Each structure stands twice: as structure tokens, then as C-alpha cells.
Amino acid sequence: MPHQADTPAPAVELSGITKRFPGVIANSDVNITVRAGTVHALVGENGAGKSTLMKILYGMQPPDEGTIAVDGHPVSFGSPADAIRAGIGMVHQHFMLADNLTVLENVVLGSEPRKGLGLDFAAARAKIRQISDAYGLGVRPDRLVDDLGVGERQRVEILKVLYRGARTLILDEPTAVLVPQEVDELFGNLRDLKAEGLTILFISHKLDEVLSVADDITVMRRGTTVASVSPSGVTARKLAELMVGSELPVPELRESTVTDQAVLDVRGLTVVGADGRTVLDDVSFTIHAGEVLGIAGVEGNGQAELVEALMGIRVPTAGKITLADRDITRASTRHRREAGMGYVPEDRHRQGVLLEATLWENRVLGHQTRPPNARGPLLDRRGAKADTRRIVEEYDVRTPGIEVNAAALSGGNQQKLIVGREMSGDPVVLIASHPTRGVDVGAQAAIWEHIRRARADRLAVLLISADLDELIGMSDTLAVILRGRLVADHDPATVTPEQLGSAMTGAGRED
Amino acid sequence: MSVGGLAVGLEVAPADRGKRLSPWVYALVAVAALVVLSVVRLLSGATDLTSAGTVQAALTAAVPLAMAGLAGLWAERAGVVNIGLEGMMVLGTFGAGYAGYQWGPWAGVVFGLLLGVVGGLLHAVATVTFGVDHIISGVAINLLAPGAALFLSKLYFSDAPGGGQKQSPRISDAPKVTIPGLSSLLADIEAKRWFFVSDLAGVLRGLTTEVSLLTLLAVLVIVGTAWVLWRTPFGLRLRSCGESPAAAESLGVNVYKYKYLALVASGAFAGLGGAFLAVSSGQYRDGQTGGRGFIGLAAMIFGNWRPGGLATGAGLFGYTDAMALRGSSAVHALLLLLGIALVVVAVIQYRSGHQLLSGVAAALGVLFGYWYFSTDEVPPELVGAAPYVVTLLVLGLAAQRLRPPRHAGEPYRRGQGV
Ligand SMILES: Nc1ncnc2c1ncn2[C@@H]1O[C@H](COP(=O)(O)OP(=O)(O)OP(=O)(O)O)[C@@H](O)[C@H]1O
Ligand SMILES: [Mg+2]
């Protein structure tokens with residue numbers, strides 16, 4: 001560190017930051033001091049302004065008012081390039097990766113090693129391997145990002161920041177997409193980084209994690225900081241109260257509503273990937289009306305392929321899918337949706353919303369042939385708008401209006417909109433991949449309650465989640481997926497997250 | 001080498017996406033194609049199929065298409081759809097005509113390139129700075145450029161010696177080079193009409209005799225593009241703007257700057273393509289580009305937005321162009337060739353599991369074969385359409401696994417990345 005005083009200057013000091021968007025004040029007079037060499041957590045409800053604040057610190061958006069100081073020196077960032085030069089790196093809530101480029105290309109972009117005029121691929125590869133090995137990231141430089149799962153993408157993002165030699169890391173909801181083992185690994189990495197004197201700013205909605213890894217916690221609410229606490233002084237419950245003013249919710253299904261009427265029946269579903277690998281291997285299950293089937297598994301074990309095959313996005317190589325006694329194996333996605341399949345995709349930006357379309361247009365997506373969005377062959381704009389207002393109301397989507405683009409919503413609020421859309425139109429089966437990914441504890445409780453109510457109304461749900469508490473609490477039946485096969489059934493009433501975790505990694509199994 | 005051996009060689013070619021084929025596979029495919037060509041030549045007696053003259057004509061026709069495709073490649077790799085290529089090529093032909101007849105072919109090339117750059121900059125200002133829809137801006141350029149060129153040609157050429165309202169005076173052609181000795185040796189072999197060997201000699205002779213320096217320049221820029229875009233930091237940044245501008249921006253890449261640079265290059269190559277056209281045909285004429293900008297785009301798509309593929313596509317279209325010029329008996333032989341090619345496509349598609357496509361290709365292939373055997377010539381009205389028919393069939397049936405730049409054609413505003 002260049003600057004050694006008796007008490008080291010704070011790594012980052014944000015004073016009086018204010019940021020306005022049309023119709024919203026995202027940040028108003030925010031003050032945060034981040035001590036050097038610590039893990040500082042930022043928590044708060046959806047739309048509280050956390051991501052906005054971090055984007056300001058990373059030079060992606062200029063603040064309307066306020067100042068930033070890094071290592072005690074006042075700075076002003078015109079672009080991320082300035083922030084990178086000042087030693088700040090950011091892993092975004094929504095991945096910033098180019099799918100058609102390789103991992104190597106994504107990592108070195110913007111700070112490429114050169115040999116003459118060309119890019120020095122050998123040096124880049126060596127450096128990526130070295131960082132990957134040093135922190136156990138397991139990143140292979142020559143793979144196409146398109147072929148990576150969410151967890152791997154996450155690690156590529158972290159590697160990208162480390163590659164730039166950042167001294168201060170901003171991680172915006174890094175754990176939302178990770179399963180517990182991966183979270184543990186990540187936290188191990190963070191502790192290593194901290195030990196080397198790096199500073200970490202960390203946003204999360206998972207309060208237990210925050211308590212276990214953070215040195216300081218700042219709570220935001222409605223665009224401003226409402227409390228600064230130390231993890232030893234609070235409990236998760238207290239933190240939740242500070243954040244959303246209500247108690248910490250627990251996912252649980254009360255009485256069983258499982259009926260004996262099969263809704264979705266899958267037999268021998270097999271999917272062979274483009275490279276000839278069997279990614280889904282002879283999967284069979286039945287979901288009954290009023291039943292929630294939870295599927296646990298480490299990212300990349302076939303969940304995405306299963307969901308895509310069920311929705312008709314991917315053509316299965318073999319197997320049969322029956323929806324309410326109708327064979328839909330060859331039906332188009334639209335027919336499946338019209339037959340009552342709802343779908344919450346795992347990556348909301350890639351599959352869930354059109355960022356550059358308004359909220360009500362997003363409401364129409366996937367339901368464009370049915371009321372209230374359509375009247376005969378024409379779109380019913382008024383009906384769609386009215387129904388969007390209902391969703392915004394019922395699901396507490398924080399937005400200045402339904403005419404704004406989805407891009408203007410915070411990540412959690414986009415998620416609420418998607419869940420609201422998919423629960424509308426009385427689905428008979430809901431395929432939910434990470435339905436509460438990135439939503440705050442209050443909204444999480446609301447989404448669970450919606451699912452519970454629909455289940456009591458005979459909805460069948462396929463639930464895939466990285467949050468094991470959610471899986472255990474919300475499922476009537478639990479299965480584990482490993483390398484494309486359903487390997488074990490567990491009783492959600494008795495299984496513990498630890499048991500589930502080890503089943504997911506295949507620990508204790510022969511193969 | 002036997003045909004059976006070839007079939008085995010083709011079988012190892014993996015159809016995986018993302019994985020690059022080895023040069024050996026390309027060489028094998030080329031040899032196989034030549035074998036098919038010589039078989040068709042033997043069957044039909046159309047010596048034009050592999051004659052040096054045809055290959056030379058194909059090369060001349062392919063170069064402007066390749067330049068247009070390259071122009072499209074640069075623009076789309078940076079995320080801008082440039083349908084205004086045609087207009088930029090027109091500007092290039094005019095520029096070449098204007099400077100070419102006064103100061104020689106090289107001045108023509110430079111001037112055509114510069115006028116193309118003007119077109120590219122116009123597209124950049126409209127799409128990047130003002131956020132105009134890419135297609136609208138491109139169409140506007142396509143409407144504007146021929147009008148401007150015609151106006152200027154009336155202004156400058158009507159009184160010039162040998163010029164007219166719609167055409168420039170003659171431009172002298174660029175120098176041509178021949179590999180001495182080799183050419184006559186190959187000519188001897190070609191005249192023997194041996195199976196395969198003579199065909200190979202004909203093709204080689206076409207590639208080594210009287211090759212315009214402009215063609216060599218084109219080869220250089222294609223290879224150069226591959227190197228710049230895929231092997232340098234500059235190229236990576238440029239491509240990142242087409243793949244994910246938000247990610248590029250979040251890493252400090254100035255997306256606007258790279259889009260501008262890409263469009264300057266795009267305009268330059270389109271202008272170059274136009275200039276080649278004017279210089280190699282000896283003068284500027286109104287309507288000279290004749291849709292080559294669009295065929296260039298098709299070549300780019302066929303080539304999966306890569307320089308090598310694009311060059312192959314341009315070569316294919318140039319070849320059919322050349323055959324169309326050779327007259328209706330050559331086009332008649334082309335029917336058989338197309339029939340065989342479609343059957344090959346059918347087999348490949350079948351093996352990669354696309355039954356429907358395979359069926360369509362096979363049916364069309366048989367149809368073309370039947371057409372060939374049941375007639376003696378192609379109606380002259382259809383001869384000129386040959387390149388377009390091939391374009392359609394090739395794009396529709398062969399090019400199924402394409403990876404266009406993810407964000408090509410989308411408007412981009414700084415700071416709106418999410
Ligand atoms: N580009 C934008 N245009 C308009 N409004 C925006 C824009 N970006 C964010 N906002 C608004 O600013 C507020 C804060 O959003 P921000 O993304 O910072 O929330 P967050 O705390 O990160 O929430 P989450 O936990 O859901 O990610 C929200 O009300 C959001 O709608
Ligand atoms: Mg956020």
C-alpha cells in the first residue's frame with residue numbers, strides 16, 4: 001500500500017451520494033465507509049439502491065451529488081476504466097459476459113497482454129491458469145462461455161476482476177446462483193483475498209451468509225442507509241427487521257395437498273448435447289396436482305436441459321412427456337404454455353424479460369394468445385396493462401409505473417414481475433427455476449405464499465433451487481439430480497441441508 | 001487417391017459447433033469437390049467447368065463480393081448491421097471512375113476506398129451517434145448513393161473524352177502477374193483432358209496466370225482481417241462490442257469508438273469492392289454493382305461471420321457468376337453439379353439429425369439431376385439467375401448452425417447496460 005499512516009485510510013468512502021432516475025430516487029444522501037482489508041456487506045430490500053450505489057462506485061453511472069474517496073484520495077470516475085485503474089473491480093448482479101467469446105477472451109478484454117501488435121494468448125492463458133489455481137476457481141480458459149453453467153460463469157466473473165489486479169472487489173449478489181458447497185468455496189476464496197489485504201464489498205439477500213462472512217454490515221432502505229451494524233451484535237432476524245421491517249420468513253408447506261391425479265408425467269427423458277454427451281439420462285418422474293417436486297443438484301448436472309426439454313425449447317433424444325393425459329413430447333413451446341405450463345427461467349435476462357420493453361409488454365410475453373392480453377387475433381392493450389397493474393400490486397413490484405422499461409427495475413423486482421406473470425392465467429403446472437433468486441426476504445415470503453396458495457388450488461410445481469432451505473421447506477417430494485440422472489429421493493420432512501448437500505455432490509456413492 | 005478413401009476422410013470431419021476444423025479437412029473437402037467437378041466435366045463434356053478461363057473469371061467476380069462480405073463482417077462484428085454496403089460500393093465505383101481515368105488504377109482504388117469511408121462514416125453518425133435504426137440508415141444510404149453517383153457522373157463524365165452521362169472514360173487495368181514457366185506447363189497438362197489431373201492443372205493455371213494485383217490485395221486484406229480481428233487486442237475489443245456491448249463497457253472499452261472504427265473499415269472495404277469492380281471492368285458505369293453488396297452479405301452469412309468462410313462463400317458465388325457468363329451450356333452442367341452438391345448436403349444434414357432438411361435437399365438434388373438429364377440446355381432467361389438460385393439454396397440448406405454476433409443490429413446507448 002502506498003499510503004501508510006497510523007490508521008490506514010478507508011479503502012472506500014462514499015459521502016452524500018444521491019442518484020435520481022426518472023420517477024425514482026435510487027440513492028439519497030448515502031454515506032458509507034469501508035475499512036481497508038475487511039469484508040463489508042451491504043443489505044437491503046429489492047430496489048433499495050444497492051446496485052445503483054455500486055455502479056456509481058465502479059464508474060458506470062455518475063452520481064448526481066456526493067463524493068467518492070479511494071484510499072483517502074478523492075476521485076471522480078468517468079467510466080469503469082477509471083475505476084479499474086484505481087484498483088476497483090466489480091462482479092455484477094447480472095453477468096457481464098459475452099457468450100460467443102471464450103473464457104480467455106472475456107477475461108482479458110480491456111487489459112490484454114500484448115506481444116508486438118498481437119494479443120499474447122500464451123501469457124494470458126498462463127496468468128488465468130495461475131489465478132484459477134491460486135484460488136481454486138477451476139476455470140478453463142479456452143471454453144466458450146455459452147457452454148458454461150451459472151456457477152462457472154460466476155467464477156469467470158471473479159477471475160476477471162482478480163485478473164485486473166483489483167484491490168477492492170465489489171460483489172453484487174454473488175451467492176444468489178451458487179449452491180451451499182460453492183458458497184463455502186467462494187467464502188473461502190474471500191477470506192484468502194482478505195488475508196492478502198484486499199477489501200471486499202458484498203451484497204446479499206442471504207442474511208446467514210452475511211453474518212458469517214462480513215466484518216461490517218450496512219443496511220439500506222428506500223435509497224438511504226438506515227443502520228451500520230457489526231455481525232456480532234445482530235441476528236438474522238434482527239437484520240431482516242432492519243431491512244424490510246418484518247420478520248424473517250421460513251419456507252414451509254403446512255398441510256399436504258398432494259392428490260393422486262397425475263398432472264405432469266415424464267418417462268425416460270434423455271437429452272444428448274451438441275457435443276454428443278448425454279446431458280440428461282433416462283429421467284422419469286410424476287408430479288400430481290397439488291404437489292411440489294423439488295430437484296436438488298449442483299448447477300450443470302442437467303437441470304437446465306431438463307427444464308428446456310419440458311418447455312419444448314430443446315428437443316429430447318428419447319422419452320415421453322405427458323401433461324394431463326396428453327402427450328406433449330412434440331408440442332411446441334406455445335402449445336405447452338397454452339395447455340397451462342408456467343415457466344420461471346433460471347436466467348431472467350437471457351430468458352425471462354425483454355429489457356428494452358415496457359413492463360406491460362413483458363406481461364404479454366408467453367401469454368400473447370390468451371386473455372387478458374388478447375382479444376381474438378389482436379392484442380388487448382388495455383387488458384394487458386390492467387393486468388400488469390394487478391401484478392405490480394400483488395407482487396409488490398417496486399416501479400414508478402408500468403410504462404417503464406424492464407431494464408429500469410432492480411434485479412429482484414424483475415424477478416417478482418416474472419413470477420407474477422407466470423402465476424397468472426391459472427397454470428396447471430409451474431416449472432420454477434430459482435423462483436426467488438435475488439429477491440429480498442420480504443418478497444421471498446410473498447412468493448412462497450403465492451406458490452402455497454396455488455398449490456392448495458391443485459397447482460403442480462417443479463421446483464429447482466440452489467437454496468436448500470427453500471427446497472426442503474417448499475417440496476412435498478425431493479429428488480437429487482447428478483450427472484443427468486435422478487439419483488435419490490429424500491423425504492423433505494426428515495432430510496437436512498447437509499445430507500442433501502452431500503447427495504448432490506455424489507459423496508458416499510460408488511461412481 | 002480413390003473416392004472411397006475420400007469418403008472415409010470426410011467422415012472424420014466433426015460437425016461440432018465451436019470446434020475448428022483442421023486444415024487437412026479443408027484440403028480434403030477441396031480435393032473432393034474437384035473430383036466431383038471432374039466427374040461432372042466427363043459426364044457433361046463442359047470443359048468450362050474447370051478451365052483456367054473460368055477460374056480466372058470466377059476470381060475476378062469473387063473479389064468484389066469478398067470485399068463486400070468483409071465490409072459486412074467488420075460492421076456486424078462490432079454490432080452494426082450494414083445493409084448500406086450496396087450504396088457504399090456504388091460510391092466506390094464512382095470514386096474509382098473519377099480518379100481512375102485521370103490518374104490511373106491505383107489512384108482509382110484509393111479514391112474509391114475513401115468515398116466508401118465517407119459512406120461508412122455517414123452510417124456511423126446515424127446509427128451510433130443518433131441511434132437511428134440500422135436498417136433504415138442502410139436503406140437510406142442505398143437510395144442516396146446511386147443518386148449522388150449519377151449526379152456526379154453527369155457533372156464530371158459527360159464532357160470527358162470517352163465518358164458519358166452514365167459512365168466514366170476508360171480506366172487502365174491494374175498490373176497483372178503470372179508465375180513464369182508454370183503457366184505454360186499447366187496449360188499443356190490441361191489440354192490433355194485427363195481425369196482430375198487436367199482439372200487440377202486448369203484450376204491452378206487460373207490461379208497463377210494473369211492474376212491482378214488487386215486480387216492479391218484482396219487476399220491480403222482477408223488474411224489481415226482474420227489476424228486483426230481474432231489475434232489482436234484491438235480485434236477482441238471490436239468483437240466484444242458486437243457480442244456484448246454492456247460487458248465491453250463495464251471493462252472500460254469505449255464502445256462508440258470501436259463502432260466508429262469498425263464502420264470506417266466497413267466503408268473502406270465496401271468502397272474497395274466497388275473500386276475493384278470499376279477498375280477490373282475498365283470503367284465506371286451506372287448500376288454497375290447490381291446487388292453485389294447484398295450477395296456479399298449472403299457470403300458473409302454463409303461464412304458464419306468469419307473471413308475464411310466468407311472467402312469460400314464469395315468464391316462459390318463468383319464461380320456461379322463466371323459460369324453464367326460462359327453461357328447456357330455451362331449453366332446446364334451446373335445443374336448436375338448443384339444436384340450432386342444438394343445430395344451431399346442431404347447426407348451431411350441427415351447425419352447431424354436434421355431429417356426434414358435432409359429430405360428437402362435430397363428432393364431438390366434429385367430434381368436438379370432430372371432437369372439436367374431431361375434437357376439439353378437451360379433457357380437463357382434463367383442463366384443470369386443462376387448465382388441467386390445458388391445463394392438461396394446454399395443459405396437455406398447448408399447454413400444451419402450459424403453464430404451471428406449476439407448484439408448485431410441492436411441500438412446501444414452508453415450507461416444503459418444492465
Ligand atoms: N437505469 C435505470 N433507470 C431508471 N430507474 C432505475 C435504473 N436503474 C435502477 N433504477 C431504479 O433505482 C432503484 C434502485 O435500484 P437498484 O438496482 O439499485 O436496487 P437494488 O438495491 O440493487 O435491488 P435488488 O436487490 O433487487 O437488486 C429501483 O427503484 C430501480 O427501479
Ligand atoms: Mg441489485
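We use all heavy atoms of the structure for the numbers below, so side chains are in, but hydrogens, waters and symmetry mates are not. A quick note: this is a predicted structure, and the numbers were derived from the prediction, not measured. Each chain gets a letter, A, B and so on, in the order its sequence line appears, and its residues count up from 1.
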Answer yes or no: does atom CD1 of Ile131(A) have more than 12 heavy-atom neighbours from other residues, nucleotides or ligands under 6.0 Å?
-> yes
Side chains of Glu243(B) and Glu105(A) in contact at under 4.5 Å (non-hydrogen atoms) = no
Would you give the length of the straight line joining atom CD of Glu249(B) to atom CE of Met60(A), rounded to the nearest 0.5 angstrom?
-> 5.0 Å
In this structure, CD of Glu157(A) is separated from OG of Ser250(B) (nearest 0.5 Å) by 7.0 Å
Is chain B contacted by the side chain of Lys115(A), its backbone, both, or neither, given a heavy-atom distance below 4.5 Å?
-> neither
Which side chain to side chain donor-acceptor pair (under 3.5 Å) pairs, counting each pair once, include a residue from residues 17-27 of chain A, with sequence neighbours left out?
-> Arg20(A)-Glu65(A)
Is any side-chain heavy atom of Trp227(B) less than 4.5 Å from a side-chain heavy atom of Leu117(A)?
-> yes
Given side chains that start at C-beta, do those of Leu251(B) and Leu109(A) come closer than 4.5 Å, heavy atoms only?
-> yes
Taking Asn100(A) for the side chain and Pro405(B) for the main chain, is one N or O donor matched with an acceptor at less than 3.5 Å?
-> no
Tell me, which pairs form a salt bridge (Lys or Arg N to Asp or Glu O under 4.0 Å) where one or both residues lie in residues 88-101 of chain A, sequence neighbours left out?
-> Asp99(A)-Arg153(A), Asp99(A)-Arg350(A), Asp99(A)-Arg406(B)
Do other residues, nucleotides or ligands put more than 12 heavy atoms under 6.0 Å from the CZ atom of Phe121(A)?
-> yes
Using a heavy-atom distance cut-off of less than 4.5 Å, which residues of residues 75-85 of chain A contact chain B?
-> Pro80(A), Ala81(A), Ile84(A)
Under 4.5 Å to a heavy atom of chain B? For Asn405(A) that would be neither
Evaluate the side-chain proximity of Leu236(B) to Leu101(A): yes if any heavy-atom separation is below 4.5 Å, no if none is.
-> yes
Under the side chain to side chain donor-acceptor pair (under 3.5 Å) test, residues paired with Arg164(A) that sit two or more places apart | Ser111(A)
Determine the option with the most heavy-atom pairs under 4.5 angstrom with chain A, choosing from Arg237(B), Arg239(B), His407(B).
-> Arg237(B)
Would Asp146(A) and Arg403(B) satisfy side-chain contact (heavy atoms from CB on, under 4.5 Å), going step by step from the backbone distance to the final call?
-> CA-CA 11 Å; Asp146(A) 206 22; Arg403(B) 278 180 168 255; 3.4 Å; yes
